[in-house]
Each structure stands twice: as structure tokens, then as C-alpha cells.
Amino acid sequence: MFQKVRKVLMILLAGMVLLFSILYLILGRFYYLEYQDTMFSRSTDGENTVYIAKVDGAAAVLTVESDGTVIYRWGDTVYGPYAPGEEPPESQDPHAPTAGDIRRFSAAPEPDHHRGEPWLWAIGTLFAAIAGLGIWFFHPFLLCRMSFWVEDPEAVEPTPQALISQAMVTFTFFVMSIPFYILGLRVWPI
């Protein structure tokens, strides 16, 4: 019975490591630029650079043309076009770009954030590997721990408390790996 459970747990653990590794490889290729407390993804449309996001529930598209002209569309409202260095008209709208925003975007800046932090993935994988070793070598680890309490650990039957405590150590490392994987998938500054 324990052998089947052990195999199932190892398959689930390997599947989790594989899933998060694939997510890191896929999502780690996306880069973002922070503007208006939102992460805009960058793409190109011909010679134009386009930044896209959702701001306050509405689609936001910031287009930088090849000559540096900036056009910002938030929902149905269009701001611009603004030539590089041009001062925008005074606006009470919090979504209207400022003169500093226009200067910043007229240079078509590179993204400054990305998804997937490799060191957090490595820590999550390390904890998952420790959990895997704890599952695979459950009995030898249990005997090693029991050797501190009894003279001949193989001659005695482990108590339920010893079995549970050994399983909890392994389970703890498994659970600790999950937050590191998830935290690492957040958007991080470059």
C-alpha cells in the first residue's frame, strides 16, 4: 500500500515541478513597462511600438510612432497625438499623459519588469527535491531518526507518532515549495 502511495506522490511532485518549470519558461519571456500603476506589455506594429494593458477596467493602448509621436487611448478616449517634447493641454482626467510621460514614451523605452524570478524557482525546486527525497527514502530517514532514540532501530516497530512526524517533515517541504513557485511568477523589476 505504502509503495503505491509513494509512487503517486512522486508522480504528483514531479508533475508540479514540471508544470512550474514550463510556466516559468513561457511566462518568463514576457516583459512589461510600468505606467499608471499598471504593467503594459510591449509589442511592435510595423515601425510603431505599442504598449497594451487594462487600466481601471478599460483597455489602454499607448502607441509610439517611429518619429516619437505618442498617442494614448484609454477606453473610448484618445489623448494626442503628441510630438516629442510637446506639452499636453491641462486636463483633470487622471488618465491623461503628462509632459514627463510624453518625453518618456517618445523614446520608446524598453520594458523594466518581467515575470518569473529564477532564484525563487530554484528555491521552490530545492524544497520540492527535498520533499521528493523524503518520500523516496522515507524508511531509511525514519530509521536514521529512530537511531537517536533506540539502540537497534530495525528491531523495533516505529510508533504512529514517529511515522506522522517523519511524514510531516516531508509534507512541510512540499508545502513550502508552492509559495516560492507562485511568488516567483509575479511581475518583478528588471
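This structure is a prediction, so every number in the text was calculated from the model and none was measured. What's counted below: heavy atoms across the whole structure, side chains too, no hydrogens, waters or symmetry copies.
Using a 4.5 Å cut-off on side-chain heavy atoms (C-beta onward), Phe20 and Leu185 make contact. Between Phe174 and Leu13 there is a side-chain heavy-atom pair separated by less than 4.5 Å. Contact of the Phe141 side chain with the Val169 side chain is not registered, since no non-hydrogen atoms from C-beta on lie closer than 4.5 Å. Two residues are said to be in side-chain contact when any heavy atoms from C-beta on lie closer than 4.5 Å; Pro97 and Tyr82 meet this criterion. No side-chain heavy atom of Thr38 sits less than 4.5 Å from a side-chain heavy atom of Glu34. Between Pro109 and Tyr51 there is a side-chain heavy-atom pair separated by less than 4.5 Å.
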(request) Just do the side-chain hydrogen bond (donor to acceptor under 3.5 Å, both in side chains) check on Thr125 and Tyr181 with the steps written out, would you? (result) CA-CA 8 Å; Thr125 303; Tyr181 280 136; 2.8 Å; yes
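Around CZ of Arg73, the count of heavy atoms belonging to other residues, nucleotides or ligands within 6.0 Å does not exceed 12. The local environment of CG in Asp152 is crowded, with over 12 non-hydrogen atoms from other residues, nucleotides or ligands closer than 6.0 Å.
Taking CD of Gln166 as the start and CD of Gln161 as the end, the distance is 14.0 Å to the nearest 0.5 Å. Note that CG of Leu33 and OG1 of Thr49 are 11.0 Å apart. Values are rounded to the nearest 0.5 Å. In this structure, CG in Leu143 is found 10.0 Å from CZ in Phe138, a value given to the nearest 0.5 Å. Of the inter-residue distances, the one linking Phe171 atom CZ with Ser165 atom OG reads 14.5 Å to the nearest 0.5 angstrom.
No side-chain donor-acceptor contact under 3.5 Å links Arg42 to the backbone of Val50. With hydrogens and angles ignored, the 3.5 Å screen pairs no side-chain donor or acceptor of Tyr72 with any backbone N or O of Thr77. Judged purely by atom type and a 3.5 angstrom limit, Ser177 has no side-chain atom pairing as donor or acceptor with the backbone of Val175.
Taking the six-membered ring for Trp and the full ring otherwise, Phe180 and Phe127 have centroids separated by under 6.0 Å.
Closest non-hydrogen pair, Ser66 versus Asn48, comes out as N-OD1, 3.5 Å.
Hydrophobic cluster membership of Val78, counting Ile, Leu, Val, Met, Phe, Trp and Tyr whose side-chain heavy atoms lie under 4.5 Å apart directly or via other members: Ile71.
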Listed pairs under 3.5 Å, donor-acceptor, residues 55-65 side chains, sequence neighbours left out:
| unit_1 | atom_1 | unit_2 | atom_2 | d |
| --- | --- | --- | --- | --- |
| Asp56 | OD2 | His95 | NE2 | 3.1 |

